[in-house]
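Below is one structure, written out as structure tokens, with a few remarks after it.
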2 protein chains.
Amino acid sequence: MTRAPQKRRLETRARLLDVAATIVREQGYSGLRVEEVVARAGVAKGTLFSHFGDKDGLLAVLIGADVMRLLDEMESRDAPADADELAARLAPHMDYVAQDRVIFDLLLRYSGATTTPPDEVVTASFLRQVALLSDWIRPLQAAGKIRRDQPPELLAEGIQAFANHVLGLWFCREHDTVPPPAQALAPYLQAWLQPAP
Amino acid sequence: MTRAPQKRRLETRARLLDVAATIVREQGYSGLRVEEVVARAGVAKGTLFSHFGDKDGLLAVLIGADVMRLLDEMESRDAPADADELAARLAPHMDYVAQDRVIFDLLLRYSGATTTPPDEVVTASFLRQVALLSDWIRPLQAAGKIRRDQPPELLAEGIQAFANHVLGLWFCREHDTVPPPAQALAPYLQAWLQPAP
DNA sequence: TCCTTTTATTGACCATGGTCACTTTAATAG
DNA sequence: CTATTAAAGTGACCATGGTCAATAAAAGGA
């Protein structure tokens, strides 16, 4: 069986994450270079890869943590009272992802998470997102504010699908002449959640 | 103003595309290497980039052509009679994209196409896909087979969103233990297109 | 303490996409 | 036919992520 990692290893890992987070703060996710991380952390390149597998692995930890933080905030607020409020609650997450294509790509690559074992932050964050959305959806269904003919989980996944759709469009256009994703999402959710009249 | 390209250039371009297509046939899209293309086409690396901008540019031409061929077939068949048939009509496209992550990524990157000028094959193929879906949707709405409360174009985009969602999940799992995308799509379309009872 | 085994780290090396100042080839003017 | 200009093509070079046999450091046992 595999032993617990030594102190040194944990320190190295922490240092790598710390440096990487700083660089992201300075230059954004698309400005992150593996070479710069290891240089500033004072370790060899191979060390980073032994810790995170590949660059995506490092990004996953950083971005996963960001998403978790966003989810904390979402959970701390009161549940939305209708579909429009639900859409509004998603705005911070949409804005976060819309900020950098690297984030979008990374999250998309890992988004099969709904079933895979949650050994990873991104995977865990997806499970949490579905759970949270479902928790919002159930009372809305009970109150007849949104459709009741589909299970909350399917509606939740649908919301994710539309969110990704809108974000995908966002990254294909000039960002100046087009509404931000959080706003563009509204009509889709409207149509998706609308109760049968 | 820019002149028409000379014969030589057209020949070079054709040769590059031909070689690239052959390699894709032999090794799939993920096996395509720029170096191999230029080597087998007998040109320098820079030439390829001067023709297609970057590797994605080359992929876009190849994949765009594939998609156009699929659309030709879809158009040649009679229109679907209900939501389930509509889902079935999408199967070839889903299978095509599901075959290789490179295809999925490329199409996603260009999928903002609905508004951009169709100077590119992929862009054009997206416009065509939306148009085709809308053409399928309108009669179904008129016949009361699917919901009538949303414009065909929005329903069409929604279908694309769900298709991408399902494909995204597909590439996150072991492909052996999970239903193929074409099949996984059904419940979403069902819920999305279902007429108000 | 000294030897052995496991864990952690190293850095030269590789793969691959992409750039660009320069050369070659074709078209066009005089 | 030659000179001039524009288009086409070239390949050395770069950026960046990733590999892996070799080495150093720690842990464990005698």
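To find a chain, count down the sequence lines: A is the first, B the second, and so on, and within it residues start at 1. Since this is a predicted model, take the numbers as computed values, not measurements. Below, each value reflects all heavy atoms present in this structure, side chains not excepted, and no hydrogens, waters or symmetry copies.
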Exercise. Can you tell me if the side-chain N/O atoms of H51(A) get under 4.0 Å from OP1 or OP2 in dT9(C)?
Worked result: yes
Exercise. Are any of T12(B)'s side-chain N or O atoms less than 4.0 Å away from OP1 or OP2 of dA8(D)?
Worked result: no
Exercise. What ring-ring contact (aromatic ring centres under 6.0 Å, His included) pairs are there with at least one residue in residues 46-80 of chain B, not counting sequence neighbours?
Worked result: none
Please give, in whole Å, the distance from [N] [atom2] to [X] [atom1]?
X	N	atom1	atom2	result
E36(A)	dA15(D)	CD	P	14 Å
L16(A)	dA8(C)	CG	P	14 Å
F52(B)	dG17(C)	CZ	C1'	16 Å
K55(B)	dA15(D)	NZ	P	21 Å
R9(B)	dA27(C)	CZ	P	14 Å
E11(B)	dA26(C)	CD	C1'	13 Å
E35(A)	dA12(C)	CD	C1'	12 Å
L58(A)	dG18(D)	CG	P	10 Å

For this session: Check the angle between the aromatic planes of F162(B) and W192(A) and answer parallel, tilted or perpendicular using the 30° and 60° thresholds.
Result: tilted
[X]: partners by side-chain hydrogen bond (donor to acceptor under 3.5 Å, both in side chains), with sequence neighbours left out:
X	answer
Q27(B)	E36(B)
S134(A)	none
D100(A)	S30(A)

Seminar exercise, completed: Going 5' to 3' through nucleotides 22-30 of chain D and flagging B where a protein heavy-atom sits under 4.0 Å of the base, S where only the sugar-phosphate is that close, and - otherwise, we get ---SSSS--
What donor-acceptor contacts under 3.5 angstrom involve side-chain atoms of residues 11-20 of chain B, with partners at least two apart or in another chain?
unit_1 : atom_1 : unit_2 : atom_2 : d
T12(B) : OG1    : R8(B)  : O      : 3.0
R15(B) : NH1    : A41(B) : O      : 2.5

Problem set entry | salt bridge (Lys or Arg N to Asp or Glu O under 4.0 Å) pairs, two or more places apart, involving residues 20-30 of chain B | E26(B)-R40(B)
Problem set entry | Of all pairs that satisfy salt bridge (Lys or Arg N to Asp or Glu O under 4.0 Å), the ones with a partner from residues 127-137 of chain B, not counting sequence neighbours | D72(B)-R128(B), E75(B)-R128(B), D135(B)-R138(B)
Seminar exercise, completed: Per the under-4.0 Å heavy-atom filter, residues of residues 21-29 of chain A near DNA chain C come out as none
Exercise. Can you find a pair of side-chain heavy atoms, one from R9(B) and one from S50(B), that are under 4.5 Å apart?
Worked result: yes
Exercise. Of all of residues 43-50 of chain A, which get a heavy atom below 4.0 angstrom from DNA chain D, listed by number?
Worked result: K45(A), G46(A), F49(A)
Exercise. Restricting to pairs with a member in residues 53-65 of chain A, which pass side-chain hydrogen bond (donor to acceptor under 3.5 Å, both in side chains), not counting sequence neighbours?
Worked result: none
For this session: Describe the nucleic acid contact of L32(A) in one word from base, sugar-phosphate, nothing, applying a heavy-atom distance below 4.0 Å.
Result: sugar-phosphate
For this session: State which residues pass ring-ring contact (aromatic ring centres under 6.0 Å, His included) with F104(B); sequence neighbours excluded, sorted by chain then number.
Result: F171(B)
